[in-house]
K.L.:
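Input: one structure, supplied below.
Along the sequence shown, residues are numbered consecutively beginning with 1.
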Amino acid sequence: KAAPPLVLEAPLDDSPDVFMNTYYGEVGSSVPTEQNPQGIHQGMDFVAPTGTAIKAAAPGTISRIIKETKTEYDGTVNTYANVLFKIDDQNTIDYNFEPLQSLFVVEGQVVNTGDLLGTLADNRGQNRRGTKGTGTLDFGLLSVVDGSWARICFVPCSSTSFRTLM
């Protein structure tokens with residue numbers, strides 16, 4: 001029997017300044033790889049102003065945080081962060097801060113829906129989807145399917161929540 005659809009709260013507040021510009025399944029939106037030769041986007045990208053709060057979309061535990069510093073072509077140094085957020089044994093949310101301004105959680109921390117995880121920094125126009133004064137949150141869901149981790153498609157079901165298509 002299939003699991004019921006998982007409902008996630010929006011990771012950002014509903015605001016005219018926040019918009020989703022890349023959807024799950026959009027072809028050519030990601031760098032093609034051997035595993036994904038068509039570059040199909042496997043999450044949702046939200047563009048938001050610098051300093052926008054990123055929130056927990058469900059209750060769970062911060063299972064892993066990876067930070068990386070990148071020097072952009074104009075010499076600007078940005079910190080990027082990948083935060084893996086375990087909901088349960090079958091589901092993990094993947095947050096990619098592009099770039100990160102502040103991070104307010106640590107590995108092993110238990111959080112509730114709506115708790116503040118971090119804020120976005122100014123990408124200074126480096127992201128092809130953003131503009132100066134904005135950052136991007138790449139928001140994805142990983143689930144165990146037939147014993148292996150897989151990216152799961154989810155869709156908006158209101159302006160403040162999403163549900164899986166499984």
Side-chain angles (χ1 to χ4, degrees), residues 2-15 18 20 22-24 30-31 33 35-36 41-72 76-123 126-127 129-130 134-158 160-166:
L6 180 67
V7 176
L8 305 172
E9 294 300 310
L12 301 95
D13 287 332
D14 191 17
S15 159
V18 173
M20 190 183 328
T22 308
Y23 299 87
Y24 187 97
S30 294
V31 176
T33 64
Q35 295 80 18
N36 184 6
H41 197 259
Q42 298 180 348
M44 293 181 176
D45 284 355
F46 294 91
V47 175
T50 300
T52 296
I54 305 301
K55 304 178 302 180
T61 303
I62 304 301
S63 57
R64 189 165 183 202
I65 297 173
I66 303 166
K67 287 186 180 179
E68 179 183 2
T69 301
K70 294 182 183 177
T71 302
E72 310 294 357
T76 302
V77 177
N78 283 323
T79 300
Y80 290 73
N82 175 233
V83 177
L84 294 176
F85 177 86
K86 187 173 182 176
I87 301 171
D88 55 34
D89 289 338
Q90 300 293 311
N91 298 289
T92 295
I93 299 174
D94 185 6
Y95 292 86
N96 283 295
F97 292 79
E98 300 175 353
L100 172 73
Q101 183 178 62
S102 299
L103 191 62
F104 304 114
V105 293
V106 295
E107 287 182 10
Q109 182 175 340
V110 175
V111 296
N112 294 306
T113 303
D115 284 356
L116 182 62
L117 303 179
T119 56
L120 291 174
D122 182 357
N123 70 14
Q126 305 303 321
N127 185 320
R129 299 178 197 95
T134 66
T136 302
L137 174 70
D138 186 351
F139 182 69
L141 178 65
L142 300 162
S143 291
V144 176
V145 177
D146 296 328
S148 298
W149 286 102
R151 290 276 182 175
I152 300 300
C153 182
F154 54 98
V155 295
C157 57
S158 75
T160 59
S161 65
F162 301 89
R163 68 176 174 78
T164 58
L165 294 179
M166 294 180 67

K.L.:
If I compare all heavy atoms of Gly51 with all of Thr119, which pair ends up nearest, and what's the gap?
P.N.:
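Minimum heavy-atom separation between Gly51 and Thr119: O-CG2, 3.6 Å.
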
K.L.:
Testing the basics here: between Leu103 and Leu117, what is the closest heavy-atom pair and its distance to 0.1 Å?
P.N.:
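Nearest pair, atom of Leu103 first, then Leu117: CD1-O, 3.4 Å.
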
K.L.:
If you measure from CD1 on Ile65 to CD on Glu107, what distance do you get to the nearest 0.5 Å?
P.N.:
5.5 Å

K.L.:
Which residues satisfy the side chain to side chain contact (heavy atoms under 4.5 Å, CB included) test with Ala81, sequence neighbours excluded?
P.N.:
Lys67, Phe97, Leu100

K.L.:
Suppose we screen for side chain to side chain contact (heavy atoms under 4.5 Å, CB included). Which residues come up paired with Lys55, at least two apart in sequence or across chains?
P.N.:
Asp13

K.L.:
Apply side-chain contact (heavy atoms from CB on, under 4.5 Å) to Val106 and Ile62, showing your working.
P.N.:
CA-CA 7 Å; Val106 295; Ile62 304 301; over 6 Å; no

K.L.:
Taking the side chain as everything from C-beta on, heavy atoms only, tell me whether Pro59 gets closer than 4.5 Å to Thr113.
P.N.:
yes

K.L.:
For Asp115, check side chain to side chain contact (heavy atoms under 4.5 Å, CB included) against everything at least two apart and list the hits.
P.N.:
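Partners of Asp115 by the side chain to side chain contact (heavy atoms under 4.5 Å, CB included) criterion, ordered by chain and then number, come out as Val111, Asn112.
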
K.L.:
Of all the heavy-atom pairs spanning Leu120 and Ala48, show the shortest one and how long it is.
P.N.:
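Heavy atoms of Leu120 and Ala48 come nearest at CD1-CB, 4.0 Å.
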
K.L.:
To the closest 0.5 Å, what do you measure between OG1 (Thr69) and OH (Tyr80)?
P.N.:
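Those atoms lie 10.5 Å apart.
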
K.L.:
Of all heavy-atom pairs between Asp88 and Gln90, which one has the smallest distance, and what is that distance?
P.N.:
OD1-N, 2.8 Å

K.L.:
For Thr50, give me all partners under side chain to side chain contact (heavy atoms under 4.5 Å, CB included), at least two apart in sequence or on another chain.
P.N.:
Gln101, Asp122

K.L.:
Specify the closest pair of heavy atoms between Ile54 and Leu137, including all atoms of both residues, with the distance to one decimal.
P.N.:
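So the two residues come closest at CG2-CD2, 3.8 Å.
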
K.L.:
side-chain contact (heavy atoms from CB on, under 4.5 Å) with Arg64: which of Thr92, Leu84, Asn82, Val83?
P.N.:
Leu84

K.L.:
Mind listing the closest non-hydrogen atom pair of Gly60 and Phe85 along with its distance?
P.N.:
N-CZ, 3.6 Å

